[in-house]
Structures are given as C-alpha cells and as structure tokens.
Amino acid sequence: MWIDPSASSVGEMVVRLAQAAQWPIDDNAAQALWTAIVTDTGRFSYENTSAAALSAALACVEAGASPTVAATYLYQSVSWAERQLQRTVLNNMTLHHGGRLATSWLTRRDFADAGSGPEDAQNLVNVLRDTSGVEAAVFFYEPVSTDGTIPSIVKASLRTRAPLDALDVAVQFGGGGHARAAGCSIAAPMHEARRLVLDAMAEAYFLDPVPNADTRPA
C-alpha cells in the first residue's frame, strides 16, 4: 500500500508512479488523470496545490490532456435538474455562528421534484463553503434508493477552510475523508441528523451550542 498525505490527489500519485516506472501515458489516461488533479485541487485553488501537483498536471497536458474539454464537462455543462437542486439548496441555506458555518439540505421529495438524484448534488456543498466569511459548511441529503426501499439514513458532506479539520467531525459518525472534505452517514431523520452534526461541529470548531439550526439570516 502506498499512502502519501502530501499528495494533492490520487491522480498526482499515478502520474508520479508512471514517470518513475517509465510507463507511457496515452491521451485517454492523461485526460482522466488531469480531471482527477484539477477536481481534487479545486481548479488549482486549494492549499494542496503544490509544485508536485502542478508538475503532474503539466505532464498530463504534455501527454494529450485537454484542460478545455475537462472544464467544459466538469464546470460548463450544468443540467436543468442540477440548477433546480441548487435553487432549493440556496433557499434552505442557513448561516450559524456569525456566518462562519453554513448548512443546507435536500430531501427525497426535493430530488423527486427535480427529476434528479444525489448524483446531481455532489458539488452543492461547495456553494455553501464558497460563501464569503464561511469557514465550515455541511450539506445534508436523503439518499434515494434504487430498489424501492427507503434508507433510514441521512448523508452529510462537510467542507472546511484551514485550520478547521472536516475529518474531526466526520469520524465521530463513522465517516471518512480528509481535512478539507469529509463525509458521513447518520441513522436518523433529517432534523435529528442535522442537530447531531451541528452540535458536533459547534463543539469541534466554535465551542458553543448551535442556537437554532432552522434560523436563516435576515
């Protein structure tokens, strides 16, 4: 097993491995590796954007990756269903602790109304985190079953800015991830799952209880 906490992404590690082993990287592999690096570095804006990450990205372009193709697919092809979910997430958005913590949620009904599923909501937590003044964000959603059953869990996706560590909270609920992005599942109804995670975040980051998880800013 090869673990490198300093690496920006698995994509970077694979590029380094290929270079060390002198394996050729064809254009399809280069495109996939570029996509892995650019997403895990937040389009080269996160603190994990190191010289090694940029060097690996350069190697991908030299091997045939197209940054334009990746950007079009990843960031310029938002579906109408995703836009509807984004609107609901913004309507549900709540700020806590003087705007330092942002939260929102989607229910199964929200997904049904949009004719969509959780796969279209993967990046919505970033909308919360990218709000000015926000240091931590958590997005809750109810998973949609494909077999007709209704899972009695709520999933939470967490994002933080340094020095806050998202993993500190996620591991309390059996989750995983890394310092800036982590996730977990809570076996509870939405309102209870939100309370549990928000209380854990308050204790981990803000040292005071969450005043009211349902109060939106005026």
Side-chain angles (χ1 to χ4, degrees), residues 1-16 35-57 74-75 86 89-90 92-106 121-141 154-186 188 192-217:
M1 180 180 295
W2 178 29
I3 299 175
D4 184 358
S6 69
S8 67
S9 58
V10 172
E12 176 194 326
M13 295 173 68
V14 172
V15 170
R16 286 161 46 193
T35 301
I37 296 168
V38 77
T39 53
D40 280 353
T41 59
R43 288 182 268 187
F44 307 109
S45 67
Y46 296 162
E47 60 195 72
N48 63 349
T49 304
S50 63
L54 293 171
S55 178
L74 291 169
Y75 307 115
Q86 186 178 68
V89 164
L90 290 173
N92 290 341
M93 183 176 174
T94 305
L95 295 179
H96 316 265
H97 303 287
R100 298 171 64 194
L101 170 63
T103 67
S104 191
W105 67 93
L106 289 173
Q122 294 181 8
N123 295 317
L124 292 178
V125 65
N126 296 327
V127 174
L128 308 178
R129 184 209 49 208
D130 293 346
T131 302
S132 178
V134 168
E135 300 170 24
V138 56
F139 166 58
F140 301 91
Y141 66 93
V154 170
K155 291 186 175 292
S157 181
L158 291 78
R159 298 290 185 273
T160 58
R161 299 183 187 275
L164 305 186
D165 191 331
L167 198 56
D168 286 346
V169 172
V171 296
Q172 296 182 40
F173 302 93
H178 56 83
R180 301 294 162 257
C184 57
S185 298
I186 303 96
E192 179 67 8
R194 291 173 59 215
R195 184 189 66 78
L196 289 170
V197 175
L198 289 173
D199 283 350
M201 296 183 82
E203 183 175 354
Y205 307 146
F206 307 112
L207 301 179
D208 62 341
V210 176
N212 184 344
D214 294 317
T215 301
R216 297 176 180 79

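- Closest approach of Phe139 to Ala121, counting heavy atoms only: CE2-O, 3.7 Å.
- The CD atom of Glu135 lies 10.5 Å from the CE atom of Met201; values are rounded to the nearest 0.5 Å.
- Contact record, Ile37 with Gly11: CG1-C, 3.9 Å, taken as the closest heavy-atom pair.
- The closest donor-acceptor contact from the side chain of Ser157 to the backbone of Lys155 lies at 3.5 Å or more, if one exists at all.
- Arg159 CZ to Asn126 CG: the interatomic distance, rounded to the nearest 0.5 Å, is 5.5 Å.
- A 4.5 Å side-chain heavy-atom check between Val169 and Tyr205 finds at least one atom pair inside the cut-off.
- Between the CE atom in Met13 and the CD1 atom in Ile3 there is a gap of 8.0 Å [rounded to 0.5 Å].
- Interatomic distance, OG1 of Thr94 versus CG of Leu198, reported as 9.0 Å (0.5 Å rounding).
- Here the straight-line distance linking atom CG of Leu164 with atom CZ of Phe206 works out to 6.0 Å at 0.5 Å rounding.
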Worksheet item: Run the side chain to side chain contact (heavy atoms under 4.5 Å, CB included) check on Asp40 and Tyr46 step by step: do they pass?
Response: CA-CA 8 Å; Asp40 280 353; Tyr46 296 162; over 6 Å; no

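- Looking at Asn92, Val154, Leu106 one by one, the single match for side-chain contact (heavy atoms from CB on, under 4.5 Å) with Phe140 turns out to be Val154.
- One distance of note links OG1 of Thr160 with CG of Leu101; it measures 11.0 Å at 0.5 Å rounding.
- When all heavy atoms of Leu128 and Thr103 are compared, the pair lying nearest together is CD1-C, 4.0 Å.
- Within the 4.5 Å cutoff, the side chain of Gln86 has heavy atoms near those of the Leu124 side chain.
- Of all the heavy atoms in Ser8 and Thr41, the pair that sits closest is CB-CG2, 3.7 Å.
- The cationic atom of Arg43 (NZ for Lys, CZ for Arg) lies less than 6.0 Å from the six-membered ring centre of Tyr75 and within 45° of the ring axis.
- Between the side chain of Arg16 and the backbone N or O of Ala56, no donor-acceptor pair lies under 3.5 Å.
- Summarising the geometry of Asp165 relative to Arg180, their closest heavy-atom pair is CA-NH1, 4.1 Å, with the distance given to 0.1 Å.
- What you find for Asp168 and Gln172 is that their closest heavy atoms are O-NE2, 3.2 Å.
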